[in-house]
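No experiment lies behind these values; they were computed from the predicted model shown. By convention in this document, chain letters (A, B, ...) are assigned in the order of the sequence lines, proteins followed by strands, and residues within each chain are numbered from 1.
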Amino acid sequence: MNSNNNIFVQYIQKEDIFRDKKTLSSAFVPQKIAHRDIEINQISSMLAPVLRGYKPNNIFIYGTCGTGKTICARFIVSQLKDAVKAAGKGLRVLYVNCKMKGVSDTEYRLFAHLIKEMGGVVPDTGLPTDVVMRKFFDMIDSKDSQVIIILDEIDTLVKKIGDAFLYNLTRADPKKTYITIVGVTNDTSFRDNLDLRVKSSLSEEEILFKPYNALQLRDIIMERVRDGFKDGAVSDEVVGKCAAIAAQEYGDARRALDLIRVAGELAERAGELVVTESHISTAQQKLDLDRVTETVRSQPSHSQAVLYSILRLNEKTSTAGGWKDRRMLTGDVFETYTEICSANGMKPLTQRRISDLIGELDMLGIITARVVSNGRYGRTRDISMAVKDDGLMRVKNLMVERFGE
DNA sequence: AGTCCACAGGAAGGGCAGGCGA
DNA sequence: TCGCCTGCCCTTCCTGTGGACT
């Protein structure tokens with residue numbers, strides 16, 4: 001076959017807008033982190049005792065989404081690791097993203113994940129929790145003299161499995177190893193909700209990361225654009241727009257990086273060599289829509305059936321007829337859900353379970369479910385779609401594809 | 001003030017799949 | 001193979017809730 005006939009040739013020949021795309025990922029840890037010098041110095045000084053072989057205090061880092069908490073924690077710990085290595089000592093760093101499903105749903109899974117991070121093997125289920133815990137402590141005792149565990153989104157973990165694991169970790173008595181916990185959370189009231197015994201065993205220090213302002217975001221994007229895009233591909237105005245949008249969203253740098261990266265991809269796909277403000281606007285819409293459809297698609301079938309029943313009732317309440325302007329309640333959703341189940345050969349779940357599924361859809365931001373009391377007509381939830389316009393259409397199409405009209 | 005409604009939501013436990021060790 | 005352990009999803013049972021109605 002003539003290589004010129006290959007359908008991918010056009011993509012090889014196409015000029016690339018990116019220099020190094022991975023630097024535009026929010027997970028990428030740069031050589032220097034802008035506008036976080038004070039926080040980095042504070043955390044470094046807290047962790048410095050590791051270099052002298054002492055156990056530092058546990059650290060809790062607070063701050064809203066995209067304020068650089070995780071990236072700073074990883075950056076500092078990786079620098080510390082190098083310094084410890086240069087001093088001829090050992091330090092092991094374990095990172096846990098507590099939001100990841102299957103990683104931290106239970107205490108068992110958490111310790112299983114930590115063991116796997118260290119290269120150990122443990123089945124996903126089957127062993128008593130204390131056996132897995134003991135195995136973890138045996139492993140850290142047999143290797144390095146210090147261990148730092150970064151628990152990202154630690155509030156999610158505590159909500160799921162309680163705070164007893166923190167007590168177990170901090171009160172554990174390995175023979176040769178110190179364990180330091182670096183907890184990262186966007187819940188500023190996290191510490192207040194801990195058990196008193198856990199609080200007293202933690203002996204922790206706290207650092208607060210304030211949101212970035214538009215100027216700081218601008219610097220951050222600018223630095224990444226310099227490494228990520230080819231010269232001239234992104235103008236100062238485009239960076240400014242990106243920063244302004246992200247600043248409106250509580251100074252979220254992660255959002256800013258996603259925006260500029262997706263905008264770059266859109267420009268590249270259109271065969272253009274410059275990212276424009278219109279690419280940024282389209283990227284903004286695309287990111288919102290992708291988030292919704294991906295979330296919906298990943299839901300289990302009963303959850304989808306509940307969502308479809310809400311969609312159907314939503315149409316009824318917004319069009320003329322007996323349902324016009326009526327509020328959508330849990331009982332209504334359950335009734336429609338039962339009909340959808342029988343039409344699709346599914347065995348319906350109980351109303352109790354559906355109540356939980358409605359709560360989960362609310363948590364995901366796809367619907368809004370507010371508990372209201374209608375006096376003698378009972379206490380229930382007032383439900384509506386949180387997704388509007390294009391997002392709503394996309395969700396509807398997905399549901400029709402799944403359950404039929 | 002007491003009653004009532006339509007749930008919310010907590011607690012306990014059942015059933016299932018799957019791993020481990022005797 | 002069997003008993004015991006796990007996580008997960010679910011049901012059943014129960015108490016609590018708050019405002020309209022009597």
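For the contact set between residues 349-366 of chain A and DNA chain C, defined by any heavy atom under 4.0 Å, the members are A:Leu349, A:Thr350, A:Arg352, A:Arg353.
Distance alone, capped at 3.5 Å, places no donor-acceptor pair between the A:Ser303 side chain and the A:Pro300 backbone. Side-chain atoms of A:Arg92 do not come within 3.5 Å of backbone N or O of A:Ile149 as any donor-acceptor pair.
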Test log, rule side chain to side chain contact (heavy atoms under 4.5 Å, CB included), inputs A:Phe28 and A:Arg224:
CA-CA 10 Å; A:Phe28 177 76; A:Arg224 299 283 190 107; 4.1 Å; yes
Test A:Leu307 against A:Gln299 for side chain to side chain contact (heavy atoms under 4.5 Å, CB included), laying out the working first.
CA-CA 10 Å; A:Leu307 180 59; A:Gln299 292 308 300; over 6 Å; no
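Nearest heavy-atom pair across A:Thr64 and A:Lys69 is O-NZ, 2.9 Å. Of all heavy-atom pairs between A:Ala256 and A:Ala246, the closest is CB-CB, 3.5 Å.
A side chain to side chain donor-acceptor pair (under 3.5 Å) check over residues 352-368 of chain A, counting only residues at least two apart or in different chains, returns the pairs A:Arg352-A:Asp356, A:Ser355-A:Arg381.
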Quick tally for nucleotides 17-22 of chain C: nucleotides whose base has a protein heavy atom under 4.0 Å get B, sugar-phosphate-only ones S, the rest -, giving BBBBSS
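Residue A:Arg327 contributes atom CZ, which lies 12 Å from atom P of B:dC7 at whole-angstrom precision. What separates CG of A:Asp382 from C1' of B:dA6 is a distance of 14 Å, to the nearest Å. Taking atom CD1 on A:Ile115 and atom P on B:dG19, their separation rounds to 17 Å, with Å as the unit. The nearest whole Å value for the distance from the CG atom in A:Leu110 to the P atom in C:dT6 is 16 Å.
Just one residue in the list A:Ile245, A:Val262, A:Leu266 forms a side-chain contact (heavy atoms from CB on, under 4.5 Å) with A:Ile280, and that residue is A:Ile245.
Side-chain N/O atoms of A:Arg381 include none lying less than 4.0 angstrom from OP1 or OP2 on B:dA6.
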